[in-house]
Student: 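First, the structure itself, so that you have it in front of you.
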Amino acid sequence: MHVRIAVLASGRGSNLGALIDAQRGGNLPVHIVGVFSDKPSAPALALARESNIPTAHLDPRDFAQRLAFDLAAFATIAKWKPELIVLAGFMRILDPRAFEPWLGRIINIHPSLLPKYPGLHTHRRVLAAGDRQHGASVHFVTAELDGGPVLAQVMVDVRRGDTEQGLAERLLPREHALIVACVDQLARHRLHWSNEGIRMDGQPLACPLVLADDGTLETRA
Ligand code: GRF
């Protein structure tokens, strides 16, 4: 049975593209039921349309209050009846009251090794701090910005002479593999999050899974 997923994206949509490719390749047991954006011109929407995926967008400027936009967004998304919502480059901070019904069924990909560097400009901040390692995290969305329980991470080394752009470019394909692997494990009902924390195959997950080179998720040694 394919799990119904909705994807929220504000921009380029390369993570969406990775999910579409994996699904088309028969490697991901999902049905992408819709793509939502807060930006009418988001390339992610064009990509969805090309792929015959339903799309919707709402413009925050049409709403007097942030919460009103967020509630309307989730009402729109709910019509697709997703079982899982994936934030893939959705660049708005959402009001927790709007996604409360989706807790445990909404995930986000963030380009840092959370809890380090929530928020913007992560690559720049990693370089400024002189970190030797960078990466990306997939976490369940909670009221805290980029602060929900982390399911899995991927690491990349920071190299001498790395630029912000170079580092971002090196990380991006690993992000793609990470989001695909996480959605895969959620769709296969191997990963769950509840009040007791994240469980993998029914066992508590002591720390985030790590993406291996072959694209599978491993428990940390
Ligand atoms: C990615 O780096 C993702 O981690 C972050 O926003 C970026 C989105 O890229 N949340 P794309 O739109 O999926 O290409």
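Numbering of ligands and ligand atoms starts at 1, following listing order. Side chains included, hydrogens not; waters and symmetry mates left out as well; all remaining heavy atoms used.
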Student: Minimum heavy-atom separation for L87 and F90, please, with both atom names.
Tutor: CB-CB, 4.3 Å

Student: Going by heavy atoms in the side chains, are Q185 and L151 under 4.5 Å from each other?
Tutor: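 A side-chain contact under 4.5 Å is absent here.
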
Student: Could you measure the distance from the CG atom of L178 to the CG atom of L211? Nearest 0.5 Å is fine.
Tutor: 5.5 Å

Student: Please name the residue in the list V183, I179, V180 that meets the side-chain contact (heavy atoms from CB on, under 4.5 Å) test with N15.
Tutor: I179

Student: Please report the interatomic distance NZ(K39) to CE(M91), rounded to the nearest 0.5 Å.
Tutor: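 The NZ atom of K39 sits 8.0 Å away from the CE atom of M91.
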
Student: Does ligand 1 have any N/O pairs with the protein under 3.5 Å, and how far apart?
Tutor:
| unit_1 | atom_1 | unit_2 | atom_2 | d |
| --- | --- | --- | --- | --- |
| ligand 1 | 2 (O) | E175 | OE1 | 3.1 |
| ligand 1 | 2 (O) | E175 | OE2 | 3.0 |
| ligand 1 | 4 (O) | E175 | OE1 | 2.6 |
| ligand 1 | 9 (O) | R12 | NH2 | 3.0 |
| ligand 1 | 10 (N) | I109 | O | 2.9 |
| ligand 1 | 12 (O) | G13 | N | 2.8 |
| ligand 1 | 13 (O) | S14 | N | 3.3 |
| ligand 1 | 13 (O) | N15 | N | 2.9 |
| ligand 1 | 13 (O) | N15 | ND2 | 2.8 |
| ligand 1 | 14 (O) | R12 | NE | 2.5 |
| ligand 1 | 14 (O) | R12 | NH2 | 3.2 |
| ligand 1 | 14 (O) | S14 | N | 2.8 |
| ligand 1 | 14 (O) | S14 | OG | 2.5 |

Student: Does one side chain, of H139 or H110, offer a donor that lies under 3.5 Å from an acceptor on the other?
Tutor: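 No, no side-chain donor-acceptor contact under 3.5 Å.
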
